[in-house]
Chemist: 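This structure is in structure tokens; I'll ask about it shortly.
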Amino acid sequence: MVPSNPEPATQRAELGKRLFFDPILSSDSSVSCASCHRPEFAFADSLALSKGVQGKTGTRNTPSAMNQASRSAFFHDGRASTLSEQAAGPIENSVEMNLPLHQAVKRLRGSAYYRRAFRAVYGKNPSREHLLEALAAYVSTLETGSAPWDAFAKGNEQAVSDAAKRGRELFTGKAQCFDCHSGLDFTNDEFRNIGLYDGRTWNDEGRGAITKMTHDKGRFKVPGLRNVALTAPYMHNGRLPNLRAVLEHYNNPSRLVPQALGRDSLVHPLGLTATEIDDLEAFLNSLTDTTLLNGAKKWKPSASIDIFVPNIHNHGKR
């Protein structure tokens, strides 16, 4: 049960949660943030390219919104530097939600529910600043750290399989995954070109389109690997359907794009056997949080009485 007078940070996150799951922020009221960032897929999507308003298809794969509180850059190309800045992107994107922020604020001010909710949390009517702050506050709560591998790291030898233990050794050794996927969330927050850019068929410039620097063409943000088993398909374009395809790409990085441009020197044939790839996949599977292994119910909005507006549901009049 939510306390009757939650702390301000909790209130902001709760308001952000309601906004995250509400299609009011899309031009035709058909799409919410959660339409693409789905809890059952670790707040990613199961499609290579997600669908936005009027069934329009996006241009990049939806990344997980989980474990973002410590990140230093957002989107595949890193064009946003804060969660609040990131939150504005999908709302105004013409393919995704297609709603200018000033119109989104106008809608929220026209809702009895949201007027009272924003007043309860911020002491004033909805604004651009507080809309984005609330969404950022919610996303910053989507942190996980209770995967089977975490239990093993704390001393529970039975928490993961022997295959996962071998996979971890490969991850930090022969497979060289740890060179990029380090730290608590298994990312070094850098940008890498892993050989999926040739300037022709594979022509998304990634970070290069933002910096306008030739050496950044084909570079994309290194994602964290927590809950990665739930977020297929993979890569910025969703072209790799499962974890095994990802591991096979790293094992033979010239197979998909033989004439890749600017591929990082770290990415080279690894000589992994089929059994070693199995073990690596077992390790990656062990990074799925138990709250997601047991179902995503915890992460979805509660149907209980609203903490802001006990007697108004469905936002009142808009």
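Sequential numbering from 1 along the given sequence is applied to the chain's residues.
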Chemist: Report yes or no: does Ser84 contribute a side-chain atom to a donor-acceptor pair with the main-chain N or O of Ala136 at less than 3.5 Å?
Modeler: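 Not confirmed, Ser84 side chain does not pair with Ala136 backbone.
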Chemist: Apply salt bridge (Lys or Arg N to Asp or Glu O under 4.0 Å) to Glu14 and Arg18, showing your working.
Modeler: CA-CA 6 Å; Glu14 182 65 21; Arg18 303 304 170 95; 2.6 Å; yes
Chemist: Step by step, work out the side chain to side chain contact (heavy atoms under 4.5 Å, CB included) result for Leu131 and Leu108.
Modeler: CA-CA 9 Å; Leu131 162 61; Leu108 296 176; 4.0 Å; yes
Chemist: Check whether any side-chain heavy atom of Leu225 lies under 4.5 Å from a side-chain heavy atom of Phe171, and answer yes or no.
Modeler: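 They are in side-chain contact.
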Chemist: Could you tell me whether a side-chain N or O of Asn93 sits under 3.5 Å from a main-chain N or O of Gly89, the two making a donor and an acceptor?
Modeler: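 Pair absent, no side-chain N/O of Asn93 close to backbone of Gly89.
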Chemist: For the OG1 atom of Thr144 and the CG atom of Asn67, what is their distance to the nearest 0.5 Å?
Modeler: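 Spacing of OG1 (Thr144) from CG (Asn67) equals 3.5 Å.
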Chemist: Any link between Leu49 and Val53 through a network of hydrophobic side chains (Ile, Leu, Val, Met, Phe, Trp, Tyr) touching at under 4.5 Å?
Modeler: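 No; Val53 is not reachable from Leu49 via cluster members.
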Chemist: Verify the neighbour count for atom CD of Gln259: are there more than 12 heavy atoms of other residues, nucleotides or ligands below 6.0 Å?
Modeler: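 No - once you tally the heavy atoms of other residues, nucleotides and ligands closer than 6.0 Å, there are 12 at most.
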Chemist: Identify the two heavy atoms, one from Pro90 and one from Glu96, that lie closest to each other, and give their separation to 0.1 Å.
Modeler: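 Heavy atoms of Pro90 and Glu96 come nearest at CB-OE1, 3.3 Å.
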Chemist: Which heavy atom in Leu83 sits nearest to a heavy atom in Ala69, and how many Å separate them?
Modeler: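 Minimum heavy-atom separation between Leu83 and Ala69: CD1-CA, 4.5 Å.
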Chemist: Could you give me the CA-CA distance, side-chain angles and deciding distance for Arg38 and Thr62, then say whether side chain to side chain donor-acceptor pair (under 3.5 Å) is met?
Modeler: CA-CA 10 Å; Arg38 299 168 62 183; Thr62 299; over 6 Å; no
Chemist: Let's go through Tyr114 and Asp22 carefully: what are the C-alpha distance in whole Å and the side-chain angles of both, what is the deciding distance for side chain to side chain contact (heavy atoms under 4.5 Å, CB included) to 0.1 Å, and is it a yes or a no?
Modeler: CA-CA 11 Å; Tyr114 280 120; Asp22 195 335; 2.8 Å; yes
Chemist: Count the heavy atoms belonging to other residues, nucleotides or ligands that lie under 6.0 Å from NZ of Lys174, then report whether that count exceeds 12.
Modeler: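 Yes.
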Chemist: What's the shortest heavy-atom distance between Asn193 and Val267, and which atoms?
Modeler: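 The answer is O-CG2, 4.1 Å.
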Chemist: When rounded to the nearest 0.5 angstrom, what is the spacing between NE2 in His236 and CG in Asp204?
Modeler: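 Separation between the atoms: 4.5 Å.
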Chemist: Report yes or no: do Phe220 and Phe75 belong to one cluster of Ile/Leu/Val/Met/Phe/Trp/Tyr joined by side chain heavy-atom distances under 4.5 Å?
Modeler: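 No.
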Chemist: Hydrophobic clusters here meaning ILVMFWY residues chained together by side-chain heavy-atom distances under 4.5 Å, can you tell me if Met235 and Leu287 are in one?
Modeler: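 Yes, same cluster.
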Chemist: With distance as the sole test, does Arg107 use its side chain to make a donor-acceptor pair with the main-chain N or O of Ser26 at under 3.5 Å?
Modeler: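 Checked: pair present.
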Chemist: Only one of Ser111, Pro126, Ser127 forms a side-chain contact (heavy atoms from CB on, under 4.5 Å) with Phe118, so which one is it?
Modeler: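 Testing Phe118 for a side-chain contact (heavy atoms from CB on, under 4.5 Å) against Ser111, Pro126, Ser127 leaves exactly one candidate, Pro126.
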Chemist: I'd like to know if the side chain of Glu92 reaches the main chain of Ala88, judged simply by a donor and an acceptor atom lying under 3.5 Å from each other, with no hydrogens or angles considered.
Modeler: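 No; zero donor-acceptor contacts below 3.5 Å.
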Chemist: Check for a donor-acceptor pair, side chain of Asn227 on one end and backbone N or O of Asp289 on the other, with a separation under 3.5 Å.
Modeler: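 Here the side-chain-to-backbone pair exists.
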Chemist: Between the side chain of Gln68 and the main-chain N/O of Ala65, is any donor-acceptor distance below 3.5 Å?
Modeler: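 Looks like no, no N/O pair under 3.5 Å.
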Chemist: Let me see the working for His181 and Asn188 under side chain to side chain contact (heavy atoms under 4.5 Å, CB included), right down to the final yes or no.
Modeler: CA-CA 6 Å; His181 294 285; Asn188 61 9; over 6 Å; no
Chemist: Judged by modelled atom types alone, do Glu133 and Tyr122 share a side-chain donor-acceptor pair under 3.5 Å?
Modeler: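 Checked: Glu133/Tyr122 side chains pair up, N/O donor to acceptor below 3.5 Å.
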Chemist: Mind checking the OG1-CZ spacing from Thr82 to Phe74? Nearest 0.5 Å is all I need.
Modeler: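 Interatomic distance, Thr82 OG1 to Phe74 CZ, rounded to 0.5 Å: 7.0 Å.
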Chemist: What's the separation between atom OG1 in Thr288 and atom CG in Leu230, rounded to the nearest 0.5 Å?
Modeler: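 Spacing of OG1 (Thr288) from CG (Leu230) equals 4.5 Å.
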Chemist: Applying side chain to side chain donor-acceptor pair (under 3.5 Å), which residue pairs with at least one partner in residues 208-226 are found, sequence neighbours left out?
Modeler: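 Listed once each, the pairs are Asp150-Arg226, Asp185-Arg226, Thr211-Asp216, Asp216-Arg219.
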Chemist: Would a 4.5 Å heavy-atom cut-off, applied to side chains only, mark Leu256 and Leu240 as touching?
Modeler: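 With C-beta onward as the side chain, the pair touches.
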Chemist: Is there a path from Leu101 to Tyr138 through hydrophobic residues (I, L, V, M, F, W, Y) whose side chains come within less than 4.5 Å of each other?
Modeler: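 In one cluster with Leu101: Tyr138, yes.
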Chemist: Between atom OG of Ser32 and atom CD1 of Ile91, what is the distance when rounded to the nearest 0.5 Å?
Modeler: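 The distance works out to 11.0 Å.
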Chemist: Assess the side chains of Arg71 and Thr187: does a donor N or O sit below 3.5 Å from an acceptor N or O?
Modeler: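 Judged by distance alone, the side chains do not pair up.
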Chemist: Distance-only, no hydrogens or angles: does the His249 side chain make a donor-acceptor pair with backbone N or O of Leu196 under 3.5 Å?
Modeler: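 A pair under 3.5 Å: no.
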Chemist: First locate atom CG of Asn237, then atom CG of Asn61, and finally report the distance between them rounded to the nearest 0.5 Å.
Modeler: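 The CG atom of Asn237 sits 8.0 Å away from the CG atom of Asn61.
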Chemist: Going by the side-chain contact (heavy atoms from CB on, under 4.5 Å) test, name the single residue among Asn252, Asp279, Asn251 that passes it with Leu272.
Modeler: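 Among Asn252, Asp279, Asn251, the one that satisfies the side-chain contact (heavy atoms from CB on, under 4.5 Å) with Leu272 is Asn251.
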Chemist: Return yes if some donor-acceptor pair links the side-chain N/O of Arg244 with the main-chain N/O of Glu281 below 3.5 Å, else return no.
Modeler: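 Here the side-chain-to-backbone pair does not exist.
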Chemist: To check you understand the geometry: which heavy-atom pair defines the closest contact between Leu19 and Ala134, and what is its length?
Modeler: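 Reported closest heavy-atom pair: CD1-CB, 4.1 Å.
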Chemist: Write down the atom of Ala117, the atom of Leu15, and the distance for their closest heavy-atom approach.
Modeler: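 Taking Ala117 first and Leu15 second, the nearest heavy atoms are CB-CD1, 4.0 Å.
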Chemist: Would you kindly say whether Ser64 and Thr231 are connected by a side-chain donor-acceptor distance under 3.5 Å?
Modeler: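 No, no side-chain donor-acceptor pair sits under 3.5 Å.
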Chemist: Less than 4.5 Å apart, side chain to side chain, heavy atoms only: is that true for Pro148 and Leu293?
Modeler: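 The answer is yes; the side chains approach within 4.5 Å.
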Chemist: I need the minimum non-hydrogen distance between Lys17 and Lys300, along with the two atoms involved.
Modeler: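 Shortest heavy-atom contact: NZ-O, 3.3 Å.
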Chemist: Can you list the steps and then say if Gln86 with Leu135 is a side chain to side chain contact (heavy atoms under 4.5 Å, CB included)?
Modeler: CA-CA 10 Å; Gln86 184 279 329; Leu135 285 168; over 6 Å; no
Chemist: Would a single hydrophobic cluster contain both Val228 and Trp299, if residues Ile, Leu, Val, Met, Phe, Trp and Tyr are joined by side-chain heavy-atom contacts under 4.5 Å?
Modeler: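 The answer is no; the residues belong to distinct hydrophobic clusters.
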Chemist: Test Ser286 against Arg168 for side chain to side chain donor-acceptor pair (under 3.5 Å), laying out the working first.
Modeler: CA-CA 10 Å; Ser286 78; Arg168 172 62 171 177; over 6 Å; no
Chemist: Does any non-hydrogen side-chain atom of Ser35 lie less than 4.5 Å from one of Lys51?
Modeler: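 A side-chain contact under 4.5 Å is absent here.
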